[in-house]
Q: 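Input: one structure, supplied below.
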Amino acid sequence: MEWENQTILVEFFLKGLSGYPRLELLFFVLILIMYVVILLGNGTLILISILDSHLHTPMYFFMGNLSFLDICYTTTSIPSTLVSFLSERKTISFSSCAVRMFLGLAMGTTECVLLGMMAFDRYVAICNPLRYPVIMSKDSFVPMAAGSWIIGVINSAVQTVFVVQLPFCRNNVINHFSCEILAVMKLACADIAGNEFIMLVATTLFVLTPLLLIIISYILIIVSILKIRSSEGRSKVSTCSAHLTMVIIFYGTILFKYMKPKSKETLNSDDLDATDKLISMFYGVIIPMMNPLIYSLRNKDVKEAVKHLLRRNVNVWEI
């Protein structure tokens, strides 16, 4: 690409659902409702994990971190998306786009690592219950959670810095709801092989490695469960089922998004782009909404804590 065909971009145009005003209104209502559910559900999980002494365990500490992460992730993306649905102005400054790209990637990486930490916690709890208080002491699980956040920030900072240094041509239309890193990279008028290699390494380290840890942990957990004959021992599996459900949904969405076949002969690019947008919405809105629902519906301790919190609030109001 010649230099004269390049320009210094000061803003991007987020295409989203431009041209479909009725769909924009429908999505505005649906996403707004989901966002309220996300705040209430995850906020409740954080609250009960703090107030209920029975939930002062590593598993619920990780769960509280996951809920806080979901609130942060959706708050950095959903409000601006809702505004864009109702506004004719679909542009975003280059710096704001970089910030959103950084936050989205940081939160996504942190969630992958957190899910891996939670799987390891369940493995120790079920397969090595006598050593669990020692292995998963406060001196262990707090640094593990903090490390997840630090890894997410570092990975996102590195990738974002390399992307913002790319030269961009006059095409500033991001065919997406938000500043998703791959969508932004496609606009660069330079070889992005280096960026793709960095992303491949980061994906292997921070997405596939936690997934491998999760798979190994659950294989060992299943083997251990098959050896447990008492009902008390099998009751430990309740948090595993909730966590495993979220892992399947979370990683299933990621793998489908980035590994689904893209046949240019049978499907046009617009259809593929529309599919990618819907998958991103599922990943960015529906999964954070489902997290507290799954953990509360499939976890006896959480349900009891919620009931206790509601009863206490009722008693306070009666007084």
Side-chain angles (χ1 to χ4, degrees), residues 1 9 12 66 69 73 76-77 94 97-120 144 147-169 171 173-219 246-264 267 269 272-284 287:
M1 184 73 69
L9 289 181
F12 288 107
L66 189 62
L69 177 71
Y73 179 78
T76 60
S77 59
F94 185 87
C97 186
V99 170
R100 290 191 196 177
M101 186 165 52
F102 166 78
L103 292 173
L105 189 57
M107 302 297 174
T109 303
T110 302
E111 183 157 1
C112 289
V113 181
L114 266 178
L115 289 173
M117 298 295 184
M118 294 171 74
F120 176 75
M144 288 169 65
S148 301
W149 288 88
I150 293 172
I151 289 172
V153 169
I154 293 176
N155 173 52
S156 182
V158 171
Q159 293 203 52
T160 302
V161 166
F162 278 98
V163 170
V164 297
Q165 290 179 345
L166 291 171
F168 292 92
C169 303
N171 179 19
V173 179
I174 299 177
N175 195 6
H176 212 279
F177 289 111
S178 61
C179 292
E180 203 262 347
I181 189 168
L182 285 176
V184 175
M185 283 171 54
K186 289 179 182 179
L187 301 182
C189 48
D191 185 10
I192 59 173
N195 297 78
E196 291 177 336
F197 176 75
I198 293 172
M199 183 173 290
L200 176 62
V201 173
T203 301
T204 302
L205 289 175
F206 308 127
V207 178
L208 297 182
T209 300
L211 178 60
L212 181 61
L213 175 62
I214 292 169
I215 293 173
I216 293 174
S217 297
Y218 274 100
I219 290 176
M246 288 315 308
V247 167
I248 293 173
I249 296 174
F250 179 80
Y251 273 100
T253 304
I254 293 178
L255 294 175
F256 179 77
K257 177 180 179 180
Y258 293 108
M259 298 182 67
K260 71 182 190 299
K262 297 181 179 181
S263 174
K264 293 183 179 180
L267 293 172
S269 60
L272 291 172
D273 288 336
T275 303
D276 288 339
K277 292 176 188 178
L278 292 176
I279 294 173
S280 295
M281 188 191 72
F282 182 86
Y283 169 81
I287 289 180

Q: Suppose we screen for side chain to side chain contact (heavy atoms under 4.5 Å, CB included). Which residues come up paired with Thr110, at least two apart in sequence or across chains?
A: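 Thr110: side chain to side chain contact (heavy atoms under 4.5 Å, CB included) contacts with Leu69, Leu114, Ser148, Trp149.
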
Q: Taking the side chain as everything from C-beta on, heavy atoms only, tell me whether Leu103 gets closer than 4.5 Å to Tyr73.
A: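 Answer no - side chains too far apart.
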
Q: My understanding is that only residues two or more places apart in sequence, or in another chain, count here; which of them pass ring-ring contact (aromatic ring centres under 6.0 Å, His included) with Phe250?
A: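 Residues passing ring-ring contact (aromatic ring centres under 6.0 Å, His included) with Phe250: Tyr283.
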
Q: Can you tell me how far SG of Cys179 sits from CZ of Phe94, rounded to the nearest 0.5 angstrom?
A: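 Going from the CZ atom of Phe94 to the SG atom of Cys179 covers 9.5 Å.
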
Q: Measure the spacing between OH of Tyr251 and CG of Leu115 and express it to the nearest 0.5 Å.
A: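 If I round to the nearest 0.5 Å, the distance is 6.0 Å.
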
Q: Please lay out, stage by stage, how Phe120 and Met144 fare under the test side chain to side chain contact (heavy atoms under 4.5 Å, CB included).
A: CA-CA 11 Å; Phe120 176 75; Met144 288 169 65; 3.9 Å; yes

Q: Looking only at heavy atoms, which two atoms of Cys112 and Pro210 are closest? And how far apart?
A: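 Looks like O-CB, 3.4 Å.
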
Q: Return the set of residues passing side chain to side chain contact (heavy atoms under 4.5 Å, CB included) with Ile216 (not counting sequence neighbours), or none when no residue passes.
A: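 By the side chain to side chain contact (heavy atoms under 4.5 Å, CB included) rule, Ile216 matches Leu212, Leu220.
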
Q: Mark yes or no for whether Ser156, through its side chain, and Gly152, through its backbone, hold a donor-acceptor pair below 3.5 Å.
A: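 Not confirmed, Ser156 side chain does not pair with Gly152 backbone.
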
Q: What's the separation between atom CD in Glu180 and atom SG in Cys97, rounded to the nearest 0.5 Å?
A: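 The distance works out to 10.5 Å.
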
Q: Sequence neighbours excluded and cut-off under 3.5 Å, please list the side-chain donor-acceptor pairs for residues 195-208, or say none.
A:
from: Asn195; atom 1: ND2; to: Phe162; atom 2: O; distance (Å): 3.3
from: Thr203; atom 1: OG1; to: Met199; atom 2: O; distance (Å): 2.7
from: Thr204; atom 1: OG1; to: Leu200; atom 2: O; distance (Å): 2.9

Q: Would you compute the distance between atom CZ of Phe168 and atom NZ of Lys186 and round it to the nearest 0.5 angstrom?
A: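 So the CZ of Phe168 and the NZ of Lys186 are separated by 13.5 Å.
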
Q: What residues form a side chain to side chain donor-acceptor pair (under 3.5 Å) with Thr109, not counting sequence neighbours?
A: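 Checked Thr109 against side chain to side chain donor-acceptor pair (under 3.5 Å); matches are Asn155.
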
Q: Work out which heavy atom in Ala119 is nearest to a heavy atom in Ser217; give both atom names and the distance.
A: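 In this case the closest contact between Ala119 and Ser217 is O-CB, 3.7 Å.
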
Q: Would you say Arg100 and Thr76 make side-chain contact, with heavy atoms under 4.5 Å?
A: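 With C-beta onward as the side chain, the pair stays apart.
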
Q: Going from CE on Met118 to CG on Leu213, what distance comes out if it is rounded to the nearest 0.5 angstrom?
A: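 It comes to 12.5 Å.
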
Q: Roughly how far apart are Met246 CE and Glu111 CD, rounded to 0.5 Å?
A: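 With rounding to 0.5 Å, CE (Met246) is 7.0 Å from CD (Glu111).
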
Q: Go through the structure and list residues passing side chain to side chain contact (heavy atoms under 4.5 Å, CB included) with Val161, not counting sequence neighbours.
A: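 By the side chain to side chain contact (heavy atoms under 4.5 Å, CB included) rule, Val161 matches Gln165.
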
